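Only this structure's heavy atoms are used, side chains among them; waters, hydrogens and symmetry mates stay out. Please read all numbers here as calculations on a predicted model, not as lab measurements.
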Amino acid sequence: MASRNQGSAPRALVVEDIKVDCVILMHMLHKLNYVATAVENGKEAIDLFVEGKTFDIVFLDKDMPIMLGPKTVAKIRAMGATKVKIVGVSTDFGAREAFMQAGADVFVPKLMKLETLEAMLQVVISKKNMSS
C-alpha cells in the first residue's frame with residue numbers, strides 16, 4: 001500500500017539486478033526529485049512490502065534471479081498493495097503482456113530517456129491522484 005504525504009517527495013522502488021541499468025534509473029529518478037530505493041530481485045522487493053515500507057511507484061525488471069518481475073508484481077498485488085503504481089521494464093518487448101497480466105500499470109522498454117521517464121511518471125502519478 002503506497003501513500004504519499006502531502007508535500008513530500010514521491011518514493012520509488014527500483015527492482016533491477018543489472019547494476020548499470022539500476023544506476024541509470026536511480027540517477028534519473030533523483031533528478032526528478034524522487035526518493036528512490038534499489039533492490040536486486042523480486043524477493044527483496046516483497047520483503048520491503050512485508051516490513052511495511054511504502055512506495056508511490058515500483059519499477060521492475062523482467063528477468064531477475066530468485067523471482068521474476070511479473071511474479072513479483074502478482075505477489076505485491078496479492079498482498080493488497082493496489083494503490084502503488086507498478087511499471088514493468090525490460091528489453092524483451094514480449095514482456096509487456098506478462099507484466100500487464102500480472103497487474104502492472106505500465107510497461108516501458110529499456111533503456112528509457114529522461115524525457116520518456118518524466119512524461120510517463122506524470123501520467124501514472126496523475127492517474128493515481130485522481131483515483132485516490
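Here the straight-line distance linking atom CZ of Phe107 with atom CG of Leu60 works out to 11.5 Å at 0.5 Å rounding. Rounded to the nearest 0.5 Å, atoms CG (Leu121) and OH (Tyr34) are 4.0 Å apart. Rounding to the nearest 0.5 angstrom, the gap separating the CE atom in Met67 from the OG1 atom in Thr72 is 5.0 Å. Put simply, CG on Asn41 and CG on Leu68 are 10.5 Å apart, with the number rounded to the nearest 0.5 Å.
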Per-pair distances, 0.1 Å, donor-acceptor, side chain in residues 17-33, under 3.5 Å, sequence neighbours excluded:
unit_1 : atom_1 : unit_2 : atom_2 : d
Lys19  : NZ     : Glu40  : OE2    : 2.3
Asp21  : OD2    : Lys110 : NZ     : 3.0
His30  : ND1    : Met26  : O      : 3.1

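The minimum heavy-atom distance between Gly88 and Ala104, with the atom names listed, is N-CB, 4.4 Å. Smallest separation of non-hydrogen atoms from Arg77 and Val84: NH1-O, 2.8 Å. Looking at every heavy atom in both residues, Val35 comes nearest to Ala9 through CG2-CB, 3.7 Å.
Shown here are the side-chain contact (heavy atoms from CB on, under 4.5 Å) partners of Leu48, two or more places apart in sequence or in another chain: Leu13, Thr37, Val39, Glu51, Lys53, Phe55. Under the side-chain hydrogen bond (donor to acceptor under 3.5 Å, both in side chains) criterion, Glu97 pairs with Gln101, not counting sequence neighbours.
Counting only heavy atoms from C-beta outward, the side chains of Val15 and Lys43 never approach each other to under 4.5 Å. Under the 4.5 Å side-chain criterion, counting only non-hydrogen atoms from C-beta, Met79 is in contact with Val50. Residues Val108 and Phe59 form no side-chain contact, since every pair of their non-hydrogen atoms from C-beta on lies 4.5 Å or further apart. Here the side chains of Val58 and Phe49 are in contact, with some heavy-atom distance below 4.5 Å.
In the hydrophobic clustering of this structure, Val106 groups with Leu114; members are Ile, Leu, Val, Met, Phe, Trp, Tyr whose side-chain heavy atoms approach within less than 4.5 Å, directly or through other members.
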